[in-house]
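Since the structure comes first, as structure tokens, the remarks are kept for the end.
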Amino acid sequence: MRRREFILLTGSAALCSFSAHAQQAGKVPRIGYLGVTSPSDRPPLLNTFRQGLRERGWIEGQNIVIDYRFAEGRLDRLPDLAAELVRLKVDVIVSLGTQGVSAAKNATKTIPIVMIGVRDPVGTGLIASLARPGGNITGVSGSAGLEIVTKQLELLKETVPKNRRVAILSNPANAYHQLAIKELNVAARSFGVQLRLLEARGPNEFEDAFAAMANERVGALLVLSDVIFNDHRARVVDLAAMNRLPAAYGIRESVEAGGLMSYGPSFLDFYRRSTAYVDKILKGDNPADLPVEQPTKFELVINLLTAKTLGIEIPQTLLSLANEVIE
């Protein structure tokens with residue numbers, strides 16, 4: 001081959017390679033958001049997510065596209081919605097909670113997944129370890145360990161020290177709850193309380209669970225954090241009030257809705273920090289090599305109005321520890 005022909009051929013190949021690279025570089029990234037509840041549930045969370053992306057240079061409708069899919073509280077819809085996002089060939093899937101992330105994991109082994117607030121991603125088998133998650137999942141863990149549910153039970157016991165029977169409301173569809181209950185059974189013995197374990201998969205099972213609490217004559221309630229319970233928090237809080245049960249929750253919104261107290265990590269902080277993972281993945285980082293972060297900000301919120309309605313005097317020691325007191 002003559003030198004001139006060689007130069008023309010190699011130049012043409014280089015041009016094609018450059019054009020393909022430019023086309024790839026010009027591709028607008030797609031983020032798939034898999035929501036377990038509805039878009040109207042806790043709007044500040046999604047607003048915080050979009051704001052966090054903007055701060056990192058990703059603006060929805062300009063240089064990124066976000067495809068939203070919401071299960072509206074129907075967990076059976078999650079597999080199909082996750083499959084839809086996979087078919088759209090999104091570049092990364094973002095989801096809150098164990099159920100949503102599990103559905104995404106079952107739908108794809110290749111598309112990166114950023115989890116938000118999964119309580120025990122190692123114990124539930126979603127990742128290999130916090131330091132090296134492996135696979136295609138990384139993000140922000142929702143718990144610094146199962147000790148958080150022990151702390152919730154301890155705070156509830158300090159609030160109603162004479163009570164010896166505590167109901168635990170769990171969702172059997174949430175793998176984390178199974179681990180939490182084992183931890184609570186151990187803690188209950190040291191606190192000198194008896195636990196009554198009750199389950200609800202959705203709002204249609206709430207009333208039966210609270211009827212069982214009344215029959216068991218429990219004196220307090222611990223509601224394990226769950227996307228379904230959180231989505232229907234107003235109903236759960238109303239039923240607790242109707243049964244005059246002092247109740248502890250995992251999210252502050254339940255206290256804002258009239259619940260007695262909550263202790264747990266800040267979900268706004270979760271959403272803000274998750275955008276760092278999305279940013280890194282869109283820039284080429286491998287999720288398997290991105291360590292999973294744990295909560296750094298915890299909140300104790302107490303509703304004094306609810307305490308007065310229930311005839312409970314909150315110990316001053318707890319009030320001094322509270323991040324917010326609703327009066």
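This chain uses plain numbering: 1 for the first residue, then up along the sequence. Just so it is clear, the structure is predicted and the values come from calculations on it, not from any experiment.
- Atoms CD and CZ, on Glu216 and Arg196 in that order, are 4.0 Å from each other to the nearest 0.5 Å.
- Taking the charged nitrogens against the carboxylate oxygens, Asp41 and Arg233 do have a contact shorter than 4.0 Å, which makes a salt bridge.
- No side-chain donor-acceptor contact under 3.5 Å links Asp120 to the backbone of Tyr176.
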**OP:** Quick one: do Ser254 and Val223 satisfy side chain to side chain contact (heavy atoms under 4.5 Å, CB included)? Show the steps, please.
**Re:** CA-CA 10 Å; Ser254 292; Val223 179; over 6 Å; no
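- Under the 4.5 Å side-chain criterion, counting only non-hydrogen atoms from C-beta, Leu126 is in contact with Val118.
- Asn303 and Glu256 form no side-chain donor-acceptor contact under 3.5 Å, judged by distance and modelled atom types alone.
- Salt-bridge formation is not detected for the pair Glu147/Lys151: no Lys NZ or Arg NE/NH1/NH2 atom is positioned less than 4.0 Å from an Asp or Glu carboxylate oxygen.
- At distances below 3.5 Å, not a single donor-acceptor pair connects side-chain atoms of Lys182 with backbone N or O atoms of Gln178.
- A salt bridge is defined here as a Lys NZ or Arg NE, NH1 or NH2 lying under 4.0 Å from an Asp or Glu carboxylate O, and Asp80 with Arg69 fails to meet this definition.
- Not one N or O on the side chain of Asp231 forms a donor-acceptor pair closer than 3.5 Å with the backbone of Thr37.
- Criterion: ILVMFWY side-chain heavy atoms under 4.5 Å apart, direct or through other members. Under it, Leu245 and Leu155 are not part of a common hydrophobic cluster.
- One hydrophobic cluster, built from ILVMFWY side chains closer than 4.5 Å, holds both Leu195 and Ile181.
- Ile228 and Leu222 fall into different hydrophobic clusters, where Ile, Leu, Val, Met, Phe, Trp and Tyr are joined by side-chain heavy atoms under 4.5 Å apart, directly or via other members.
- At distances below 3.5 Å, at least one donor-acceptor pair connects side-chain atoms of Thr108 with backbone N or O atoms of Thr110.
- Checking Arg50, Arg54, Arg30 one by one against Glu60, the salt bridge (charged side-chain N to carboxylate O under 4.0 Å, His left out) holds for a single residue, Arg50.
- Considering OG of Ser141 and CE of Met115, their distance stands at 6.0 Å, rounded to 0.5 Å.
- Of the possible donor and acceptor atoms, none in the side chain of Arg42 sits under 3.5 Å from a partner among the backbone N and O of Pro39.
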Subject >> Test side chain to side chain contact (heavy atoms under 4.5 Å, CB included) applied to Leu260 and Val255, step by step >> reply: CA-CA 6 Å; Leu260 178 62; Val255 182; over 6 Å; no
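- By the 4.0 Å N-to-carboxylate-O rule, Glu293 lies close enough to Arg273 to be salt-bridged with it.
- Around atom NZ of Lys157, more than 12 heavy atoms belonging to other residues, nucleotides or ligands sit under 6.0 Å away.
- When side chains are defined from C-beta on, Val236 counts as touching Phe210, because their heavy atoms get closer than 4.5 Å.
- The backbone N or O of Thr275 lies less than 3.5 Å from no partner atom in the side chain of Asp279, so there is not a single donor-acceptor pair.
- For NZ of Lys89, the number of neighbouring non-hydrogen atoms (other residues, nucleotides, ligands) closer than 6.0 Å is 12 at most.
- A donor-acceptor pair shorter than 3.5 Å can be found between the side chains of Ser225 and Arg119.
- Leu53 is not listed as a side-chain neighbour of Ile59, based on a closest heavy-atom distance of 4.5 Å or more.
- Contact of the Ser266 side chain with the Phe298 side chain is not registered, since no non-hydrogen atoms from C-beta on lie closer than 4.5 Å.
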**OP:** Given side chain to side chain contact (heavy atoms under 4.5 Å, CB included), test Val218 with Leu221 step by step and report yes or no.
**Re:** CA-CA 8 Å; Val218 298; Leu221 167 66; over 6 Å; no
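- At least one side-chain heavy atom of Thr138 sits under 4.5 Å from a side-chain heavy atom of Ile281.
- Of the possible polar contacts, one joining the Asn323 side chain to the Leu300 backbone as a donor-acceptor pair under 3.5 Å is found.
- A salt bridge links Glu207 and Arg235; the closest N-O separation between the charged side-chain nitrogens and carboxylate oxygens is under 4.0 Å.
- The aromatic rings of His232 and Phe206 stand perpendicular to each other, their planes meeting at an angle above 60°, with 30° marking the opposite boundary.
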Original post:
Are Val166 and Leu156 close enough, and set up right, to give a side chain to side chain contact (heavy atoms under 4.5 Å, CB included), and what steps lead you there?
Top reply: CA-CA 9 Å; Val166 177; Leu156 189 58; 4.0 Å; yes
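- The closest donor-acceptor contact from the side chain of Tyr277 to the backbone of Val114 lies at 3.5 Å or more, if one exists at all.
- Partner of Val94 under the side-chain contact (heavy atoms from CB on, under 4.5 Å) criterion, out of Val101, Val278, Leu34: Val278 alone.
- In this structure a side-chain-to-backbone donor-acceptor pair under 3.5 Å is missing from Gln51 to Asn47.
- Side-chain contact between Pro172 and Arg201 is present, with at least one heavy-atom pair separated by less than 4.5 Å.
- Taking the six-membered ring where tryptophan is involved, the planes of Phe267 and Phe270 are perpendicular, since the angle between them exceeds 60° and thus also 30°.
- In this structure, CD1 in Ile148 is found 5.5 Å from CD in Gln152, a value given to the nearest 0.5 Å.
- For the atom pair Glu313 CD and Leu319 CG, the distance stands at 9.0 Å (nearest 0.5 Å).
- The hydrophobic cluster containing Tyr263 also contains Phe191, counting ILVMFWY residues as joined when their side-chain heavy atoms lie under 4.5 angstrom apart, directly or transitively.
- Inter-residue side-chain proximity for Ile111 and Leu85 is flagged as unmet; no heavy-atom pair is nearer than 4.5 Å.
- At least one side-chain heavy atom of Ser102 sits less than 4.5 Å from a side-chain heavy atom of Thr98.
- A tilted orientation is assigned to the rings of Tyr33 and Tyr271, their planes being inclined by 30° to 60°.
- Connection of Val301 to Leu45 is not established within any shared hydrophobic cluster, with ILVMFWY side chains joined at heavy-atom distances below 4.5 Å, either directly or through further cluster members.
- If you take CG on Asn243 and CG on Asp238, they are separated by 11.0 Å, rounding to the nearest 0.5 Å.
- With rounding to the nearest 0.5 Å, the separation of CZ in Arg189 from CG in Leu184 is 11.0 Å.
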